Amino acid sequence: MSESQLLRFSTAGSVDDGKSTLIGRLLFEAKGVYEDQMASLQKSSINRSTGPIDFSLLTDGLRAEREQGITIDVAYRYFATPKRKFIIADTPGHEQYTRNMATGASTADLAIVLIDARKGVLPQSRRHAYIASLLGIPYIAVAVNKMDLVEFSETVFDQIQKDFSAYAKDIGLKNLAFFPISALDGDNIVERSARTPWFKGTPLLEHLESAPVAEDRNFTELRFPVQYVIRPNLDFRGFAGQLASGVLKPGDEVMSLPAGRVTRVKELPTFDGPLKEAFPPMSITVVLEDEIDLSRGDMLVDPNHVPHVSRRFAAKLVWMLDEAGGPNRTYLLKHATQTVPCEIRRIRHRVDINTLENVQAEKLELNEIAAVVMETRRPLYFDAYSKNRAMGAFILIDPISNLTVAAGMIEESTPESVEPLQLRNLEFVGEANESATGTQLTNAERFARAGHYPATVWLTARRAVAYLLERRLFDLGCQVHVLADDSESHLLPELSRVLSNAGLIAICSIASPDPSERDRAAGFAAANRFLEVPAKELPARDDDAVEVIIKRLEDLGVLRRKDRFERGEGI
Amino acid sequence: MDSRTLSHLRALEAESIHIMREVVAEFAKPVMLYSIGKDSSVMVRLAQKAFFPGKLPFPLLHVDTTYKFQEMIEFRDQFAKDLGAELIVHTNQKAIDEGANPFKLGTSKCCALLKTRALLDALEAGGYDAAFGGARRDEEKSRAKERVFSFRDKFGQWDPKSQRPELWSLYNSKVEKGESIRVFPLSNWTEMDVWAYIELENIPIVPLYYAKEREMVVRGNQLIPLEHNMPLAPGEKPQMIMSRMRSLGCTFCTGGIASDADTMPKIINELVQFRRSERENRIIDHDQEGSMELKKREGYF
Ligand SMILES: Nc1nc2c(ncn2[C@@H]2O[C@H](COP(=O)(O)OP(=O)(O)O)[C@@H](O)[C@H]2O)c(=O)[nH]1
């Protein structure tokens, strides 16, 4: 009993597809229906259907809804079998379906999509499938219900399976399973039905008991958002939080964000004694070997697989408020354990959930889904939602009404929207200047925006090479500027320092080389961030010369490798 | 089972701990409502785990109607002492002085004054902006849609029609001054989970949960314990009955069940044998269909 697993699933179907009946049936079959709830059912004043027991009334909730005879909010139900405990997020199929379905789907390991056998795959069924894929539910069980009303026809079932599978492929849904059922009569719910001898699969409940959901968890890339610091006395400093992904053991090397410091795990203390190993979704406390000052919102990550660090990223939003929203307004964004002010930079397009077409949009209305570019005031540490749900999910809160206005899923990085970073061994030019000048910007933020390291290129070659290099670097997405020594050559070292501090690549084009100026400029630049290219080392053609310089910048680690850069990946 | 899969109890534990830490990190002045019942016992254990090796970073608040079982009060005081936790006990003394009891006022009115009003007063007096409660979604129909972070307006009231959507484990904790959040870390636990966890963790609970010979009267299909000089109806006779409580409230309004489950495994076994929803024996829920929802709108947990 205490060793059974937990499975969270959501259910979706159009009105009257039999969702309530199915859930009631599952609860009933699992003996989850308590005797007295049954008793109160029988005396319930409103009864919508004619059968002896209306299972669907088991899943009704609030008074207002009962009076209207509809369900308008997500309701959570529980039942257990000896193998698993189940949490059902029961989401209504009509009014507010997108908002509610998204809510129910957000925590689900599996979704049951109901289809009425008589009606086949309807636009609503497609919507449900799309939301399941948007919210990244790993397993989909398609329950073809009311098979009793189509004489348990294999042909009908096959057609629905074919139609749904085709659509699922389009939207990238995986792990589909189909079940010909009658929620009313109980066919293929607990036991294989004698009325569907052609059906070779398992009954629905058995599928729920065995879908290998936990295997999909990410045990490789450590992501530990610091939620709270436990500091009962001066000798103990523990970082508390829920492990989002990866495995953590004492002795493991971890990197802290945003500082980029690498240290080791000393201990994983708990009320029940120290842990040998922690894995998601455990809530743990981490004690580090070095005295590192971390606070809520910071993160411990795998130094070899760092997340994206950026203030700008692409995301899908589901709008949840009946008041429209969009760019040019400040919202609060809550991601992992950080809450930061943000703006929707722009709406790239809205997704028409019925046709899956991209539509131009200026604002977002209730239940609409859109692809947007977000910009936060401080950098977030994130992964794409499709790779890591906990690291790619966020909500938007209206700072005036305090209402939750949208749910967001961060998308795969693309060069236009996301600047992935490699933070290991990062040295910033003028690191010490941050506190001295009183600037509120950190070098990490500058770096996040630029997408490359600052550097000074000391070029004694032809001026044309300098400008061509500037062109090429600019096209690669770099922030770059040519400084020519025509008049005020003695200022070049200072100017290059200013540009570096601002995170740029400064190309110093030198007509009359002066060793003391070169030394001063090199002294201002951080180690490995000064590149001197004597004219005699460069090929004759400008193009070739620029190629050589870019190659050397890559080798220095100033630029990400070009091919990867173009794919939008890190170094 | 795979060694990197949590059992369902450990998964629920992890979720509850996450919720508690989130509240302590994001609110200025949280408090934990402590009802002395089994759910409270579990909630406190989870809090100990969440903040280990530190102490509970919030006080426990007990709303005492003065009609609690003597065994509950003794247990409460010992429990808080053993824990080293700060315990605040609040009573609506004015109503008690005016003679509030369920026989005079009816159960609804009595609860409204001694529980709901008292709770709201205590929360306001303490200036708490977040209050943990041990309610579970499986307890009763109207709770199935309750959020983990449940928003309350300046009057402590709950509006079932405008709840904030709650996605992933990203809880919206924004409130204005005077508004508050009720937090239910056990939302996803069932009665069975609570018992199984109590057994697994060896958590102390009030002895009333274990069966023994108790003085009871049989009223309708309810067993009513005799305490606080409960008035008897004509023809009612107290009898010694081997019985126990499935949930704890006030003596007048908590029905017992005939049972010989005097150990934890027997209790769990009994639960498996006949699953009566635990609230069947709380008379208040039978007042009116949907009565729990009405109470909740007014601020009752
Ligand atoms: N014949 C038949 N009727 C069903 C089946 N499942 C549900 N129904 C009926 O379809 C109607 C709608 O069911 P309900 O569960 O309320 O649908 P919901 O709106 O999706 O929750 C009710 O009258 C049910 O009794 C089934 O498998 N076979």
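A, B, ... follow the sequence lines: proteins, then strands. Residue 1 opens every chain. Quick caveat, the model's predicted, so the values are computed rather than measured.
Distance check, rounded to the nearest 0.5 Å: CZ of Arg77(A) to CZ of Arg137(B) gives 10.5 Å. We find the CZ-OG distance between Arg84(A) and Ser7(B) to be 13.0 Å, quoted to the nearest 0.5 Å. To the nearest 0.5 Å, the span separating CG on Leu46(B) from CZ on Phe271(A) amounts to 10.0 Å. The distance from atom CD of Gln48(B) to atom CG of Asp272(A), rounded to the nearest 0.5 Å, is 10.0 Å. One finds the OG1 atom of Thr190(B) at 9.0 Å from the OH atom of Tyr78(A) (value rounded to the nearest 0.5 Å). The CD atom of Glu277(A) lies 4.0 Å from the CZ atom of Arg4(B); values are rounded to the nearest 0.5 Å.
Heavy atoms closer than 4.5 Å to chain B are found in both the backbone and the side chain of Tyr76(A). For Thr404(A), the parts sitting under 4.5 Å from any heavy atom of chain B are the backbone and the side chain alike. In this structure, chain B has no heavy atom under 4.5 Å from any part of Asn233(A). With a threshold of 4.5 angstrom between heavy atoms, Arg8(A) approaches chain B through side-chain atoms but not through N, CA, C or O. Only the backbone of Ser187(B) comes within less than 4.5 Å of a heavy atom of chain A; no side-chain atom from C-beta onward does. For Leu332(A), the part lying near chain B is the side chain, with the backbone staying farther off; criterion is any non-hydrogen pair under 4.5 Å. Of the atoms belonging to Ile88(A), not a single heavy atom falls under 4.5 Å from chain B. Contact annotation for Ile395(A): both backbone and side-chain heavy atoms come within less than 4.5 Å of a heavy atom of chain B. Interface residue Ile230(A): only side-chain heavy atoms are found under 4.5 Å from chain B. There is no contact between Glu13(B) and chain A, counting heavy-atom distances below 4.5 Å. Both the backbone and the side chain of Glu22(B) have a heavy atom closer than 4.5 Å to some heavy atom of chain A. For chain A, no part of Glu199(B) is nearby; none of its heavy atoms comes within less than 4.5 Å. For Ala108(A), no part sits under 4.5 Å from any heavy atom of chain B, backbone or side chain. Of the two parts of Leu135(A), only the side chain, counted from C-beta on, holds a non-hydrogen atom closer than 4.5 Å to a non-hydrogen atom of chain B. The part of Val247(A) that comes within reach of chain B is its side chain, from C-beta onward, which places non-hydrogen atoms under 4.5 angstrom from that chain.
By number of non-hydrogen pairs under 4.5 angstrom with chain A, the leading residue of Glu179(B), Glu201(B), Glu15(B) is Glu15(B). Contact count against chain B (heavy-atom pairs under 4.5 Å) is highest for Leu6(A) among Leu321(A), Thr337(A), Leu6(A), Thr107(A). Of the listed residues (Ala50(B), Ser169(B), Pro53(B)), the one with the most heavy-atom contacts under 4.5 Å to chain A is Pro53(B). Among Phe151(B), Tyr197(B), Tyr171(B), the residue with the largest count of heavy-atom pairs under 4.5 Å with chain A is Tyr171(B). Residue with the most contacts toward chain A among Pro57(B), Ala11(B), Pro165(B): Pro165(B) (heavy-atom pairs, distance under 4.5 Å).
Scanning both residues, Leu167(B) and Ala407(A), for their nearest heavy atoms gives CD2-CB, 3.6 Å. For the residue pair Ser106(A) and Trp168(B), the shortest heavy atom distance occurs at OG-N, 2.8 Å. Taking both residues in full, the closest heavy atoms of Pro232(A) and Gly54(B) are given as CB-CA, 3.7 Å, listed atom of the first, atom of the second, then distance.
At a threshold of 4.0 Å, the pair Lys145(B)-Asp90(A) does not count as salt-bridged, since none of the basic side-chain nitrogens sits closer than that to a carboxylate oxygen. For Lys174(B) and Asp398(A), the salt-bridge test fails: no basic side-chain N is under 4.0 Å from an acidic carboxylate O.
Counting only heavy atoms from C-beta outward, the side chains of Lys85(A) and Leu12(B) approach each other to under 4.5 Å. By the 4.5 Å heavy-atom criterion applied to side chains, Thr270(A) and Lys49(B) are not counted as neighbours.
Without hydrogens or angle criteria, Ser283(A) side chain to Ala14(B) main chain gives a donor-acceptor distance under 3.5 Å. Listed for the Gln227(A) side chain is no donor-acceptor partner under 3.5 Å among the backbone atoms of Ala25(B). A donor-acceptor pair under 3.5 Å is formed between the side chain of Asn172(B) and the backbone N or O of Asn402(A).
Between the side chains of His18(B) and Gln242(A), at least one donor-acceptor pair of N or O atoms lies under 3.5 Å.
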Let me see the working for Thr285(A) and Phe52(B) under side-chain contact (heavy atoms from CB on, under 4.5 Å), right down to the final yes or no. CA-CA 8 Å; Thr285(A) 302; Phe52(B) 176 85; over 6 Å; no
Decide yes or no on side-chain contact (heavy atoms from CB on, under 4.5 Å) for Tyr228(A) and Glu26(B), but give the supporting numbers first. CA-CA 9 Å; Tyr228(A) 181 72; Glu26(B) 297 220 316; over 6 Å; no
From CA spacing to verdict: side-chain contact (heavy atoms from CB on, under 4.5 Å), Leu6(B), Gln5(A): CA-CA 7 Å; Leu6(B) 288 183; Gln5(A) 298 178 353; over 6 Å; no
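By the neighbour-count criterion of 12 heavy atoms within 6.0 Å, atom NZ of Lys55(B) is sparsely surrounded, having that number or fewer from other residues, nucleotides or ligands.
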